[in-house]
Amino acid sequence: YIVTTHALRRHLPKPSPVVRILDAGGGPGRYTIALAEQGYRVTLFDLSPQLLELARTRIADRPDRVRDHIDDVLQGSITDLSRFPDASFDATICLGGPLSHLVQRDDRRRAIAELHRVTMVGGLLYVSVLGRIGQYRAAVQWPDWFSTVFPEIAETGVSVITPARAPCYFFLPEEIEGEVSGAGLAIERVYGCQGIGAHLDEANLLALMGDPKRWPLWEQKLLETCDHPAVVGVSNHILVVSRKRHG
C-alpha cells in the first residue's frame with residue numbers, strides 16, 4: 001500500500017474534482033476511498049458483489065465530502081467496460097492483481113484494451129499483476145507452497161495459490177511491460193509493490209514500521225528503490241504505470 005500510494009502521488013495530476021478516475025477491479029474500495037479523500041472524482045468497478053457491498057458500507061461511513069467524490073459503485077468484468085464511453089477517465093487504475101485472475105491471454109489482452117479505451121489520450125493507466133519470480137522465493141519462505149510453485153508456475157505461469165483456490169497467471173516483469181506497451185501505452189515507470197521488504201519476516205517489518213526512529217529512514221530507502229529492476233523482479237506484485245499515446 002505504501003509503494004502503490006507513492007506511485008499514485010508521483011504520477012497522477014493534482015487532486016481535483018474534475019479529474020475522473022476509474023478504479024477497475026477495485027474490490028472493497030480501498031483506493032477509491034483514498035483517492036476520493038484527496039479530492040479526485042472516482043468510479044469503483046468490480047466483478048464481486050460481495051466486495052462491492054463491503055465497499056458501499058465503507059463509503060457510507062465516510063463524511064459527505066468523500067462520498068460526494070465517488071460517482072458510482074458498479075459491478076462488471078474488466079474485460080467488458082462497454083458501459084463507459086471512450087476516453088471517459090483522466091486516469092484508470094487496476095490494482096491488486098485483477099489482470100492475473102484472467103488465466104487466458106486473450107482475456108488479459110481484452111482487459112488491457114478496454115482499460116486503454118476508456119482512458120483519455122494523455123491519461124494514465126496503472127496496472128498491477130502477480131509476479132512470477134516472487135513466487136519462486138515464496139516457495140522457500142513458505143515450504144508448503146513449494147509443490148504449487150514447481151513445476152506449474154515455472155512451466156506455465158499459472159497456479160492456484162490464493163485462499164479462494166482460483167487459478168492465477170503470474171507475470172515476468174518484461175512480459176507485463178510488453179503487453180502494456182503493445183496496447184499503445186507508453187510506460188512511464190515500473191514498481192515492485194513489496195519493495196525491499198519483499199519476503200522478509202512480517203513481524204520484523206511491523207516492528208520496524210512501529211519504530212519512530214528507524215521507520216522514517218527505512219521508508220525513505222523503500223521509496224527510493226521500489227522502482228529498481230532488482231526490486232521489481234522479486235516483488236509479489238508488479239505495478240506498471242503507463243500513459244495513453246493515441247486513440
Side-chain angles (χ1 to χ4, degrees), residues 1 4-56 58-59 62 66-102 107-129 176 179-180 183-189 191 193 237-247:
Y1 182 74
T4 300
T5 53
H6 165 73
L8 291 169
R9 288 191 305 269
R10 190 175 190 178
H11 300 276
L12 284 176
K14 183 179 178 180
S16 166
V18 301
V19 177
R20 299 189 63 211
I21 298 176
L22 175 64
D23 186 0
R30 186 181 198 185
Y31 293 105
T32 288
I33 292 170
L35 291 167
E37 288 175 338
Q38 294 173 43
Y40 295 103
R41 185 166 296 282
V42 192
T43 295
L44 175 60
F45 185 81
D46 194 84
L47 184 62
S48 167
Q50 293 83 6
L51 291 180
L52 291 177
E53 188 57 34
L54 177 57
R56 292 186 182 97
R58 292 178 172 177
I59 291 167
R62 295 311 193 270
V66 176
R67 296 199 304 270
D68 290 346
H69 280 80
I70 299 175
D71 286 339
D72 219 334
V73 177
L74 302 169
Q75 183 183 358
S77 169
I78 59 173
T79 61
D80 180 8
L81 303 178
S82 57
R83 69 178 66 201
F84 304 115
D86 294 356
S88 295
F89 300 96
D90 299 276
T92 303
I93 63 175
C94 186
L95 305 174
L99 205 66
S100 281
H101 292 282
L102 301 175
D107 290 336
R108 297 194 296 272
R109 288 188 163 183
R110 186 178 303 114
I112 294 174
E114 280 289 85
L115 295 166
H116 173 277
R117 180 185 63 78
V118 301
T119 306
M120 66 180 294
V121 174
L124 291 164
L125 172 60
Y126 288 72
V127 174
S128 71
V129 296
I176 183 57
E179 293 287 1
V180 170
L185 293 138
I187 295 176
E188 298 214 330
R189 201 164 293 270
Y191 296 89
C193 295
H237 289 79
I238 301 167
L239 171 60
V240 178
V241 182
S242 60
R243 192 174 296 274
K244 184 172 178 176
R245 293 182 292 197
H246 51 73

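Keep in mind that the numbers below use all heavy atoms, side chains included, and drop hydrogens, waters and symmetry copies.
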### Query
Which residues pass the side chain to side chain contact (heavy atoms under 4.5 Å, CB included) test with Leu51, sequence neighbours left out?
Pro28, Asp46, Ser48

#### Entry: Which residues share a side chain to side chain contact (heavy atoms under 4.5 Å, CB included) with Ala183, sequence neighbours left out
Ile112, Leu185

### salt bridge (Lys or Arg N to Asp or Glu O under 4.0 Å) partners for Arg10, two or more places apart
Asp227

### Query
With sequence neighbours excluded, what pairs up with Arg58 under the salt bridge (Lys or Arg N to Asp or Glu O under 4.0 Å) test?
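Expected list: none.
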
### Query
Who are the ring-ring contact (aromatic ring centres under 6.0 Å, His included) partners of Phe45, not counting sequence neighbours?
Phe84

### Tyr191: partners by ring-ring contact (aromatic ring centres under 6.0 Å, His included), with sequence neighbours left out
His11

### Task
Any pair with a residue in residues 18-35 that passes side-chain hydrogen bond (donor to acceptor under 3.5 Å, both in side chains), sequence neighbours left out, goes on the list, sorted by first then second residue, please.
Asp23-Thr32

### Message
Which heavy atom of Leu124 sits nearest to which heavy atom of Pro13, and what is that distance?
### Response
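Here Leu124 and Pro13 meet closest at CD1-CD, 4.5 Å.
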
### Query
At their closest point, which heavy atom of Ala55 faces which heavy atom of Gly29, and how far apart are they?
CB-N, 4.0 Å

### Message
Using the rule side-chain contact (heavy atoms from CB on, under 4.5 Å), only one of Leu115, Val118, Val240, Ile187 pairs with Leu125; which is it?
### Response
Leu115

With sequence neighbours excluded, what pairs up with [X] under the side chain to side chain donor-acceptor pair (under 3.5 Å) test?
X      : result
Asp80  : Ser82
His237 : Gln194
Thr4   : none
Arg62  : none

### Query
If you look only at pairs with a residue in residues 112-126, which of them pass as a salt bridge (charged side-chain N to carboxylate O under 4.0 Å, His left out), with sequence neighbours excluded?
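Sorted result for residues 112-126: Asp86-Arg117, Glu114-Arg117.
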
